[in-house]
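Reviewing the structure listed below.
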Amino acid sequence: LVCTNCKKQYPIDRVYPRCDACSEPLEVGAENFQPNINQGNPLTQTILDRYSAFFPFKKTNNSLSLHEGFTPLVDSPTLAQDLGVARISFKNETQNPTWSFKDRGTVTGLNLALELGYTRIGTVSTGNMAVSVAAYGAKAGLDTIILVSASLPPEKINPIAIYNPTLIKVEGDYGKLYFDSLEIGKENNIYFINSDVPFRVEGSKTIAFEICEQLQFEVPDYVVVPTSSGGNFRGILKGFEEFKLAGLINKIPTMVCAQAAGCSPIYNAFINNQNSITRVDKPNTLCHAIDNPYPPSGNQVLRKLKEYNGIAVAVSDEEVITAQKKMASFGIFGQPDSAVPLAAIEKIHREKKLKKSDTIALIVTGSGLKYPSALEKHRMNILQCGINNLNEAIKSTLRKPTSLKAN
Ligand SMILES: [Zn+2]
């Protein structure tokens, strides 16, 4: 493991994910990768198998897998036309086993935990990650400890509880929980697979690997990531870096860190040209999956934006809701946070920064079904009629037949 900031090195079995010298996050060091992608049948293969050359595991334990990853990259020619670009696609992470990208990092974190001999795992989360760790912990038959904030509504608690983990609602400072859990984990031999720990970041790399494969190794010009802790952003970028190092691709995309304006510590630091983030006092956004007020990998995301001329964008809740509905018009139902990339790229478009030749990938991180109460923000088009009037009611809605428009 290497410190993302001061480059101090640590053994790979170190569980505490931050640097003793500078407190910044650690990551798995990039080695000289063989450009090996294990070809195989994607119906039976796992991401651990396919990309094993890019993981530092001694052994791949496929029995841990719920067949995460291998998610579709869905093109939208209509949207590309709207934005005046060559190609725009949604990387649809809602099709993972627990309906979010988190499953990728859970399986890689779990693979390491078992390699190190752990029989207890845990996480701190308000939603997607808790559901994911609970599901994988259940499958593996491990003691699984999930810490959530005491204020979490039943709508979010129950989908975690169904997997029957040890679920603890913790009162007090939720931000402090991230660090406390790591200390408590150390004392009690619990491997906490938190948001940006090195082996969760390893799992996120596979999003980039798949995008490269899906685009025949033509790297998109922009990759837009809804960003909270910064772990997924780091992982996706690391994936592109490693494929480039292996000679499989020849450029790094412009990475866009997309945040909700009601909680945008990375964006705030970026536009003010600061080197470190400042805590957001009171997050105020409906994008609860990305409202971390003090992202543990925020400074590292800033460093990477600077290194690669990346962009940070913040969008309002109104823009997010509009984008969520628009995304649904292309057949994709993401949670509000997952519509942040679409809202962000539209903003970049309005600022006239996109070129005709540009290709863009938007990361749709989690399913809209995860957060049904956000649907109350939408005006839905629903008709009602008596059964005797049904024929007339339907007739009144019919359009004249035209040729089908492909979205
Ligand atoms: Zn350091």
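Sequence positions, counted from 1, serve as the residue numbers for this chain. In listed order, ligands and their atoms are each counted from 1.
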Donor-acceptor contacts under 3.5 Å from residues 217-230 side chains, at least two apart:
from, atom 1, to, atom 2, distance (Å)
D221, OD1, K251, NZ, 2.7
D221, OD2, T359, N, 2.8
D221, OD2, T359, OG1, 3.3
T227, OG1, V225, O, 2.8
S228, OG, N292, N, 3.4
S229, OG, G231, N, 3.1

Do you know how many protein N, O or S atoms are within a distance smaller than 2.8 Å of the Zn ion (ligand 1)?
4
E242: which residues meet the side chain to side chain donor-acceptor pair (under 3.5 Å) condition with it, sequence neighbours left out?
K205, K238
Out of T285, N268, D281, I290, which residue meets the side-chain contact (heavy atoms from CB on, under 4.5 Å) rule with C263?
T285
Going by side-chain hydrogen bond (donor to acceptor under 3.5 Å, both in side chains), name the pairs with one or both residues in residues 135-146, residues two or more places apart or in two chains.
E68-Y136
Counting the benzene-type ring for Trp, do Y178 and F192 have ring centres under 6.0 Å apart?
no
Verify whether one side chain among Y308 and E241 offers a donor that lies under 3.5 Å from an acceptor in the other.
yes
